[in-house]
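Keep in mind the model is a prediction, meaning the values are calculated, not measured. Basis for what follows: all heavy atoms, side chains included, without hydrogens, waters or symmetry-related copies. Numbered from 1 within each chain, the chains take letters A, B, ... in sequence-line order.
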There are 2 protein chains.
Amino acid sequence: MKKYLAISKDIREKIFNKTYKQGMKLPYEYELCEEYKCNKQTMKKALEILVSEGLIIRRRGAGTFVKNTVNTEGTPELTYGHYIKGFTKHFTSLGEVETKVLQFNVIPSDRETADKLKIKKGDFVYCIERVRKVNGIPHVIELMYMPISVITNLRQEDVEGSIYTYIEDELGKKIQGSNQLIKAYPSNEHDQSNLGLEKNEPIVEVEKTAYLTTGVPFEYSRLRFHYKHFSFYAVVNKM
Amino acid sequence: MKKYLAISKDIREKIFNKTYKQGMKLPYEYELCEEYKCNKQTMKKALEILVSEGLIIRRRGAGTFVKNTVNTEGTPELTYGHYIKGFTKHFTSLGEVETKVLQFNVIPSDRETADKLKIKKGDFVYCIERVRKVNGIPHVIELMYMPISVITNLRQEDVEGSIYTYIEDELGKKIQGSNQLIKAYPSNEHDQSNLGLEKNEPIVEVEKTAYLTTGVPFEYSRLRFHYKHFSFYAVVNKM
DNA sequence: GAGTGGTCTAGACCACATC
DNA sequence: ATGTGGTCTAGACCACTCT
């Protein structure tokens, strides 16, 4: 285990433990270095993680403090947040994940899909449409495109389960991350019937391009969430 | 200017310049160190910024590469994104910002507002409701609460302009950041008449708690955006 | 095996808020 | 003026990818 991750984990726990309470000043950097037997830079890196998570703030000349706004009760991390591991792993803690496959075809890519996936227009892609439910409640309609040259031999049974698990465990490829554009729209009839929405109720669309550690894009998708099952929590630190 | 910011700025420009093109390998770390006459750690910090912006990826044993998904044409940064500087500064490049004040009162805080602002229920807060327009087009209805003990002597003319400018320039206080929860909802009649929405069109609500560098919360607000004028771009890197 | 980037240390000096 | 956290350097060693 990397030292800076171990340290940040320990201090994070102390914040949730209320060993370090809201608004409280943490020991000075050099004291923490002694406590954890590490160098200044390592401690800095550990604390930077907690800053980016919105748990602490650091002020030159003053010290390091637990933020007043920390929610030490239930973590609000049921939110969309860092959804990179895929739907299954993200929601599996909440209940039973079910998948209904609406479409599973191989088609020639159109201009936009080809652009996003950095392939040639007309190159074949999987076109997958699925409804994902948690405890029987529909959360999202996923419309995904994946190049058959990258994600090889995808089968119906993989599509009914976790595609990300297939990519990582079966194909042995590593996922790097994704770019996501989040917007809201009025729902259409397709959304309404599949997600159980009223006519005036909206969806939140996430347009997502995901790629492997090699830099190769492997997924372009449009995820249409029931508005009640989408929230995004962001911590914004100035500069 | 900090060295690592200067370096990351220069390399960022080279990516947008196409001096470094999509998918291209950057020089090795030690070569970049020589080029910019800096230490390994400083270069690492500079490149980390570009990683977090989604412009490059680094792979141990392989090298540093410009991402294939970089949009080197128009920056998509008209998005909500890092909206910390406040609406005025964020949108001022897009056109003329107008503000219509619907409410400007001092009221006793309710339980929820007091909790968020870490004050006692009943402590007085400014209650401000404004419609913000860009080039005459309404973008958002802002409903804001600020403790009168923190944001002192706010006047009608400040509320008609930029409150953030008042806080920083007149009061000389520094803004640290904010926590934001983003969700979509069907619009109500108030939204429809003020934002020019049809009955079936939604809004995106941002629930925001902002605080000063001292850790003191100074703003709790609910921003209701016209759905066409809200988008959020996120780069998610695994782990 | 060669060559990448990642982690960690030790120490000098700087910028900033107020102990 | 003091004492915080921030930046920068120099160098050792480790982990991973690609032949």
Side-chain angles (χ1 to χ4, degrees), chain A residues 1-11 23-52 55-67 168 172-177 211-216 237-239, chain B residues 1-11 24-52 55-67 168 171-177 211-216 237-239:
Chain A
M1 174 68 109
K2 287 164 205 160
K3 206 167 187 176
Y4 69 86
L5 287 178
I7 295 170
S8 62
K9 187 182 170 196
D10 193 73
I11 297 179
M24 193 173 147
K25 192 170 167 312
L26 262 63
Y28 306 126
E29 199 174 76
Y30 73 89
E31 289 178 335
L32 288 170
C33 288
E34 282 175 14
E35 184 180 342
Y36 289 98
K37 305 204 187 314
C38 76
N39 180 272
K40 189 178 173 178
Q41 295 288 4
T42 304
M43 184 52 67
K44 222 175 267 297
K45 192 154 185 180
L47 293 174
E48 251 167 35
I49 292 171
L50 302 178
V51 169
S52 75
L55 295 178
I56 61 174
I57 57 171
R58 314 198 71 194
R59 293 164 47 213
R60 191 193 310 223
T64 301
F65 302 85
V66 180
K67 282 223 287 210
E168 298 202 301
K173 304 202 174 192
K174 291 192 189 158
I175 294 165
Q176 167 70 28
Y211 35 89
L212 303 172
T213 50
T214 54
V216 175
N237 288 305
K238 199 164 187 179
M239 258 237 4
Chain B
M1 174 69 108
K2 287 163 205 159
K3 206 167 188 173
Y4 69 86
L5 288 179
I7 295 169
S8 62
K9 188 183 169 195
D10 193 73
I11 297 179
M24 195 174 145
K25 192 170 169 308
L26 261 63
Y28 307 126
E29 198 174 80
Y30 73 88
E31 288 177 335
L32 288 170
C33 287
E34 281 175 16
E35 184 181 341
Y36 289 98
K37 305 204 185 316
C38 77
N39 182 271
K40 187 177 173 177
Q41 294 288 4
T42 305
M43 183 54 66
K44 223 174 265 297
K45 192 154 185 180
L47 293 175
E48 253 168 33
I49 293 172
L50 301 178
V51 169
S52 77
L55 296 178
I56 61 173
I57 58 171
R58 314 198 74 195
R59 292 164 50 212
R60 192 193 309 222
T64 302
F65 302 84
V66 181
K67 281 222 288 208
E168 298 201 302
L171 291 181
K173 304 202 175 189
K174 292 194 188 158
I175 295 164
Q176 166 71 28
Y211 36 88
L212 303 172
T213 50
T214 53
V216 174
N237 288 304
K238 198 164 189 181
M239 260 243 0

More than 12 heavy atoms of other residues, nucleotides or ligands under 6.0 Å from NZ of Lys174(A): is that the case? no
For the backbone of Val51(B) and the side chain of Arg58(B), can you confirm whether one donor and one acceptor N or O come within less than 3.5 Å of each other? no
5' priority, DNA chain C, between Lys37(A) and Glu29(B) [closest heavy atom]: Glu29(B)
Please report the shortest heavy-atom distance between Leu50(A) and Ser8(A), naming the atom on each side. CD2-O, 3.7 Å
How many whole angstroms separate atom CD of Glu31(B) from atom P of dG3(C)? 12 Å
How far apart are the C-alpha atoms of Ile11(B) and Leu55(B), what are their side-chain angles, what is the distance that settles it, and do they pass the side-chain contact (heavy atoms from CB on, under 4.5 Å) test? CA-CA 10 Å; Ile11(B) 297 179; Leu55(B) 296 178; over 6 Å; no
Just to be sure I understand the rule, does Lys25(A) reach a base, reach only the sugar-phosphate, or reach nothing, if contact means heavy atoms closer than 4.0 Å? nothing
Chain B footprint on DNA chain D, 5' to 3' - any atom under 4.0 Å from a heavy atom: dT7(D) to dC18(D)
Closest approach of Lys67(B) to Asn237(B) (non-hydrogen atoms, all atoms of both residues): NZ-OD1, 4.2 Å
Assign each of Asn39(A) and Thr64(B) the nucleotide of DNA chain C bearing its closest heavy atom; nearer the 5' end lies the nucleotide of Thr64(B)
Which heavy atom of Thr213(B) sits nearest to which heavy atom of Arg59(A), and what is that distance? O-CD, 2.6 Å
Identify all pairs in which a protein N or O lies below 3.5 Å from an N or O of nucleotides 17-19 of chain C, and state each distance.
residue: dA17(C); atom: OP1; partner: Lys174(B); partner atom: NZ; Å: 3.4
residue: dA17(C); atom: O4'; partner: Arg60(A); partner atom: O; Å: 3.2
residue: dT18(C); atom: OP1; partner: Arg59(A); partner atom: NH2; Å: 2.6
residue: dC19(C); atom: N4; partner: Gly61(A); partner atom: O; Å: 3.1

All stems that DNA chain D takes part in, i.e. 3 or more consecutive Watson-Crick or G-U pairs with distances under 3.5 Å, are C:1-18 with D:1-18
Answer yes or no: is there a side-chain heavy-atom contact under 4.5 Å between Leu32(B) and Leu47(B)? yes
Minimum heavy-atom separation for Tyr4(B) and Thr42(B), please, with both atom names. CB-O, 3.9 Å
Which is true for Lys40(A) with a 4.0 Å heavy-atom rule: it touches a base, it touches only sugar-phosphate, or it touches nothing? base
Does any N or O in the side chain of Lys44(B) come within less than 3.5 Å of the main-chain N or O of Glu29(B), such that one atom is a donor and the other an acceptor? no
Separation of Lys44(A) atom NZ from dC14(C) atom P, in whole Å? 16 Å
What closest approach, in Å, do Lys25(A) and Ala62(A) show between heavy atoms, and which atom pair accounts for it? CE-O, 3.6 Å
Where is the tightest heavy-atom contact between Leu212(B) and Lys173(B), given as atom of each residue plus distance? CD1-CD, 3.8 Å
